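Read through the structure below, which is laid out as structure tokens, and then see the notes.
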Amino acid sequence: MDELQAIEPRHVAEEELQDSLDIGSLPQHIAVIMDGNGRWAAQRGLPRIAGHKEGLLALQDVMDIGYELNIPYLTIYAFSQENWNRPAAEIRLLMGLLEQYLNKERQRFHDRKVRFLPIGRLEQLPAQVHALVTEVAEDTCHYATRTLAVALSYGGRAEIIDAVQQLALEVQMGSLSPDQIDEALFEQHLSTYGIPDPDLLIRTSGEARISNFLPWQIAYTELYFTRTLWPDFRRCETLLALLDYQKRERRFGRVTQAMSS
Ligand code: IPE
Ligand code: IPE
Ligand code: MG
């Protein structure tokens with residue numbers, strides 16, 4: 001917990017944070033594990049769904065900042081494979097909320113020219129939700145400058161297994177030989193193909209774990225953990241995460257410039 005961010009964001013002026021940002025070195029892809037909705041609601045004596053609803057406001061803030069700063073890729077963890085193990089009533093409410101959200105937001109995707117890209121085992125979603133998710137994805141697939149990838153019924157290990165199965169099939173059919181399999185080819189079989197790896201991964205709520213989110217893609221991603229619960233992760237918190245990212249030196253296994261001689 002010691003490494004978690006200690007600054008109390010509400011005491012910092014947003015304008016001041018904006019001014020400190022280096023617009024030239026922003027992440028191009030931010031991934032977010034939106035966690036802590038249930039705890040946010042419990043702290044207020046509210047049902048968990050109230051936290052999920054409030055969480056949508058936080059999502060809007062993060063999306064707005066991404067839009068304003070021209071950050072082309074945002075990937076959010078909305079529902080994991082493991083989340084199917086939650087009580088049926090919570091799953092039903094979450095699916096209903098997803099439907100409401102998409103019906104309300106799809107116009108904004110067009111206004112902002114955002115491609116909505118669902119990733120995960122979408123066929124496991126209730127039929128009506130699956131149909132809506134597919135429709136909005138098809139409707140926006142021509143937008144090339146901004147992508148909102150939404151992990152739904154997503155599990156990173158399942159994604160890797162699916163890729164392995166496809167490659168094995170190609171080898172079996174004789175169209176691929178095992179020595180042709182390299183990282184680039186493997187990535188072509190992932191649901192995130194064509195999207196650069198996340199530069200920054202944010203996880204809220206004080207948990208310092210990945211929970212099966214994009215395990216392949218985050219191999220060299222900068223990780224940012226904060227105690228803030230997701231519904232409280234608003235504009236200032238987003239800017240603080242970006243500023244923290246800008247303090248990092250991404251070495252990718254090399255030595256630092258100043259130490260290289
Ligand atoms: C994250 O909040 C949202 C989803 C996983 C759908 P949680 O529902 O996990 O909230 P906590 O972690 O119980 O507080
Ligand atoms: C991760 O949160 C999944 C999403 C945010 C959708 P969880 O609340 O499901 O993760 P764990 O159970 O704390 O690892
Ligand atoms: Mg949680």
Side-chain angles (χ1 to χ4, degrees), residues 1 3-5 29-63 66 73-102 104-105 116-126 129-130 132-133 147-160 191-192 195 198 200-218 221 223-234 237-238 241:
M1 278 304 218
E3 74 278 18
L4 295 172
Q5 314 307 311
H29 183 178
I30 304 176
V32 189
I33 301 176
M34 312 183 290
D35 196 17
N37 295 349
R39 277 163 282 175
W40 184 93
Q43 283 173 2
R44 289 158 180 78
L46 298 169
R48 294 176 59 84
I49 190 69
H52 297 314
K53 280 187 186 153
E54 190 75 13
L56 291 177
L57 302 178
L59 174 60
Q60 194 54 54
D61 275 9
V62 174
M63 282 172 46
Y73 301 99
L74 179 65
T75 300
I76 56 167
Y77 207 4
F79 194 84
S80 73
Q81 280 272 295
E82 291 74 20
N83 289 152
W84 290 117
N85 298 319
R86 292 193 177 198
E90 180 171 356
I91 295 176
R92 228 180 357 259
L93 288 168
L94 276 169
M95 292 299 145
L97 201 59
L98 173 63
E99 249 184 303
Q100 267 178 35
Y101 173 78
L102 280 178
K104 191 165 151 268
E105 289 305 311
F116 167 76
L117 177 72
I119 58 170
R121 296 221 164 130
L122 305 179
E123 66 286 353
Q124 291 175 352
L125 296 170
V129 179
H130 185 197
L132 177 63
V133 160
T147 298
L148 172 69
V150 181
L152 285 169
S153 189
Y154 175 89
R157 288 183 172 179
E159 181 185 33
I160 290 171
S191 60
T192 49
I195 297 181
L200 170 65
L201 170 76
I202 297 169
R203 184 178 186 142
T204 58
S205 89
E207 314 296 355
R209 57 175 170 261
I210 299 306
S211 302
N212 206 10
F213 189 43
L214 305 173
W216 171 278
Q217 295 89 338
I218 61 167
T221 297
L223 308 179
Y224 179 85
F225 297 108
T226 171
R227 283 196 180 86
T228 303
L229 301 174
W230 176 249
D232 290 328
F233 193 87
R234 308 303 289 264
E237 284 78 2
T238 311

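Predicted model only: the values in this text are computed from it and were never measured. In each ligand, atom 1 is the first atom listed, and ligand 1 is the first ligand listed.
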Test side chain to side chain donor-acceptor pair (under 3.5 Å) applied to Gln124 and Ser153, step by step: CA-CA 7 Å; Gln124 291 175 352; Ser153 189; 3.0 Å; yes
Please evaluate residues Trp230 and Ser205 with respect to the criterion side chain to side chain contact (heavy atoms under 4.5 Å, CB included), reporting the C-alpha separation (whole Å), side-chain torsions for both, the decisive distance (0.1 Å), and the verdict. CA-CA 6 Å; Trp230 176 249; Ser205 89; over 6 Å; no
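Around the Mg ion (ligand 3), protein N, O or S atoms at a distance under 2.8 Å total 1; waters are neither shown nor counted.
Minimum heavy-atom separation, Asp35 to Arg203: OD2-NH2, 2.7 Å. Nearest heavy atom pair, residue Ser191 against residue Leu117, reads O-CD2, 4.4 Å. Ile202 and Phe233 make their closest contact through CG2-CZ, 3.7 Å (heavy atoms, listed as atom of the first residue, atom of the second, distance).
Applying the ring pair (Phe, Tyr, Trp, His ring centres under 6.0 Å) criterion to Phe213, with sequence neighbours excluded, gives Tyr77.
Assignment of Glu207 to the shell around ligand 2 is not supported, since no heavy atom sits closer than 4.0 Å. At least one heavy atom of Gly36 sits closer than 4.0 Å to an atom of ligand 1.
Counting heavy atoms closer than 4.0 Å to ligand 2, residue Phe213 contributes nothing at all. Neither the backbone nor the side chain of Leu229 has any atom closer than 4.0 Å to an atom of ligand 1 (non-hydrogen atoms only). Residue-level proximity to ligand 2 for Gln81 is absent, since no heavy atom of it falls below 4.0 angstrom. Under 4.0 Å from ligand 1, the heavy atoms of Ala78 that appear belong solely to its backbone.
In terms of protein heavy-atom proximity, atom 14 (O) of ligand 2 is closest to Ser211 OG, 2.6 Å. The protein non-hydrogen atom at the shortest distance from atom 10 (O) of ligand 1 is Gly38 N, 2.9 Å. Ranking protein heavy atoms by distance to atom 8 (O) of ligand 2, first place goes to Asp35 OD1, 3.1 Å. Ranking the protein heavy atoms by distance from atom 12 (O) of ligand 2 puts Arg209 NH2, 4.5 Å first.
For Gln217 and Thr192, the side-chain atoms include at least one donor-acceptor pair closer than 3.5 Å. In summary, the side chains of Asn212 and Glu82 do present a donor paired with an acceptor at a separation below 3.5 Å, with no hydrogens or angles considered.
Of all the listed residues (Val32, Leu94, Leu152, Ile33), Ile33 holds the heavy atom that lies closest to atom 1 (C) of ligand 2. Atom 2 (O) of ligand 2 has its nearest heavy-atom neighbour, among Met34, Arg203, Glu82, in Arg203. In this structure, of Arg86, Arg48, Glu90, the residue bringing a heavy atom nearest to atom 9 (O) of ligand 1 is Arg86.
Those atoms of ligand 1 with a heavy atom of Asn37 less than 4.0 angstrom away are 1 (C), 2 (O), 3 (C), 7 (P), 10 (O), 14 (O). Every atom of ligand 1 is numbered from 1 in the order shown, and the set under 4.0 Å from a heavy atom of Asn83 is 5 (C).
With hydrogens and angles ignored, the 3.5 Å screen pairs no side-chain donor or acceptor of Arg48 with any backbone N or O of Ala41.
The pair Glu54-Arg44 fails the salt-bridge criterion, with no side-chain N (NZ, NE, NH1 or NH2) lying under 4.0 Å from an Asp/Glu carboxylate O.
Distance check: Leu74 CG to Ile195 CD1 gives 10.5 Å after rounding to the nearest 0.5 Å.
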